[in-house]
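Index from 1, following the sequence.
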Amino acid sequence: MFDSLNISASALTAQRLRMDVVSSNIANAESTRGTFVNGKWEPYRRKLVMMEPREKSFNQILQGEMQKQTQSKTQLQGVRVTGIVGDRTPFKTVYDPTNPDANVDGYVMMPNVDVSKEMIDLLAASRAYEANVTAFNTGKSMMLKALEVGR
């Protein structure tokens with residue numbers, strides 16, 4: 001009965017995290033010092049949220065089979081975040097000899113963050129969040145209507 005609410009709730013959590021990561025990427029789009037690697041500063045590296053479908057546990061599937069539930073019921077139970085990974089695209093180089101992080105030729109390594117891509121990702125995550133709020137509220141209202149019928 002609560003499967004639809006749990007699925008929407010898992011998607012809400014995942015999309016909120018995705019929006020947080022995108023916001024962090026935008027905030028660090030000009031950060032030339034992100035991590036210290038091999039004795040020197042490396043620019044901020046764009047981060048991506050990795051997600052995958054969350055499936056029922058083995059125990060839940062076994063209990064369903066033992067109770068002879070219908071096979072048409074889906075085994076998926078929403079989405080889960082599997083990790084936050086760094087984008088491996090190369091850093092941008094910008095000529096700025098006055099920057100303290102410039103190399104001997106005057107070039108500065110800049111983050112691999114493209115603000116326009118990040119804004120598109122933020123918009124997509126926001127729309128997915130809104131869609132899941134709508135699905136959650138629809139499921140909740142259907143349950144309430146079902147309870148009213150029982151009165």
Side-chain angles (χ1 to χ4, degrees), residues 1-65 69 71-144:
M1 182 167 142
F2 293 101
D3 283 350
S4 66
L5 299 180
N6 288 334
I7 289 169
S8 291
S10 72
L12 288 170
T13 302
Q15 294 302 330
R16 191 201 69 215
L17 176 64
R18 185 174 164 209
M19 287 188 281
D20 289 344
V21 169
V22 169
S23 298
S24 174
N25 288 343
I26 292 171
N28 288 292
E30 299 292 322
S31 299
T32 57
R33 294 186 184 187
T35 54
F36 197 69
V37 178
N38 297 330
K40 64 178 185 169
W41 285 101
E42 195 176 78
Y44 176 83
R45 185 170 295 280
R46 178 181 185 228
K47 293 182 177 31
L48 303 167
V49 177
M50 304 303 291
M51 296 182 224
E52 70 179 19
R54 189 174 67 191
E55 299 176 2
K56 282 188 176 181
S57 69
F58 176 77
N59 189 35
Q60 291 171 323
I61 295 170
L62 180 63
Q63 292 298 326
E65 290 298 318
Q69 289 183 344
Q71 293 296 318
S72 64
K73 190 169 184 179
T74 180
Q75 300 299 317
L76 299 180
Q77 293 294 301
V79 67
R80 69 184 182 102
V81 174
T82 57
I84 299 173
V85 298
D87 185 359
R88 302 309 302 171
T89 58
F91 296 118
K92 297 180 267 185
T93 55
V94 175
Y95 183 72
D96 185 7
T98 61
N99 191 311
D101 294 325
N103 62 14
V104 294
D105 296 326
Y107 287 96
V108 180
M109 299 293 284
M110 297 299 287
N112 58 352
V113 176
D114 181 0
V115 177
S116 59
K117 276 186 187 177
E118 298 302 319
M119 291 303 293
I120 291 168
D121 285 349
L122 186 59
L123 184 61
S126 175
R127 296 286 187 226
Y129 189 90
E130 289 172 7
N132 281 290
V133 166
T134 302
F136 187 90
N137 288 336
T138 301
K140 185 174 72 170
S141 70
M142 286 171 42
M143 286 184 204
L144 290 173

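Qualifying salt bridge (charged side-chain N to carboxylate O under 4.0 Å, His left out) partners for D96, counting only residues two or more places apart in sequence or in other chains: none. T89 is linked by a side chain to side chain donor-acceptor pair (under 3.5 Å) to D87, N112, counting only residues two or more places apart in sequence or in another chain.
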Distance-only donor-acceptor hits, side chain of residues 129-136, under 3.5 Å, sequence neighbours excluded:
| from | atom 1 | to | atom 2 | distance (Å) |
| --- | --- | --- | --- | --- |
| E130 | OE1 | R127 | NH1 | 3.4 |
| N132 | ND2 | A128 | O | 2.8 |
| T134 | OG1 | E130 | O | 3.1 |

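No side-chain heavy atom of L123 sits under 4.5 Å from any side-chain heavy atom of M119. Within the 4.5 Å cutoff, no side-chain heavy atoms of V81 are placed close to those of T13. For the pair M19/S126, a side-chain contact is recorded, criterion being any heavy-atom separation below 4.5 Å from C-beta on.
R54 places a side-chain N or O within donor-acceptor distance of the main-chain N or O of Q77, the cut-off being under 3.5 Å. Of the possible donor and acceptor atoms, one in the side chain of N99 sits under 3.5 Å from a partner among the backbone N and O of D101. Checked by atom type and distance alone, the side chain of K92 never pairs as donor or acceptor with a backbone atom of V108 at under 3.5 Å. Side chain of S24 to main chain of D20: no donor-acceptor pair is present (N/O by atom type, distance under 3.5 Å, no hydrogens or angles). Between the side chain of T82 and the backbone N or O of M50 there is at least one donor-acceptor pair closer than 3.5 Å.
Annotation: the span from L12 atom CG to I7 atom CD1 amounts to 12.0 Å, rounded to 0.5 Å. Taking CE of M109 as the reference point, atom CG of N103 lies at 8.5 Å (rounded to 0.5 Å). Considering CD of Q15 and CZ of R18, their distance stands at 5.0 Å, rounded to 0.5 Å. One distance of note links CG of L48 with CG of D121; it measures 8.0 Å at 0.5 Å rounding. Atom OH in Y44 sits 13.0 Å away from atom CD in E30 (nearest 0.5 Å). Here the CE atom belonging to M110 is positioned 10.5 Å from the OG1 atom belonging to T93, to the nearest 0.5 angstrom.
At most 12 heavy atoms of other shown residues, nucleotides or ligands fall within 6.0 angstrom of atom OH in Y107.
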Derivation and outcome, side chain to side chain contact (heavy atoms under 4.5 Å, CB included), residues N28 and V113: CA-CA 8 Å; N28 288 292; V113 176; 5.9 Å; no
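In plain terms, the two heavy atoms of L5 and K140 that are nearest each other are CD2-N, 3.9 Å. Here the closest non-hydrogen pair linking P111 and P43 is N-CB, 3.8 Å. The two residues S10 and G78 make their nearest non-hydrogen contact at OG-CA, 3.3 Å. The two residues N25 and E118 make their nearest non-hydrogen contact at ND2-OE1, 3.2 Å.
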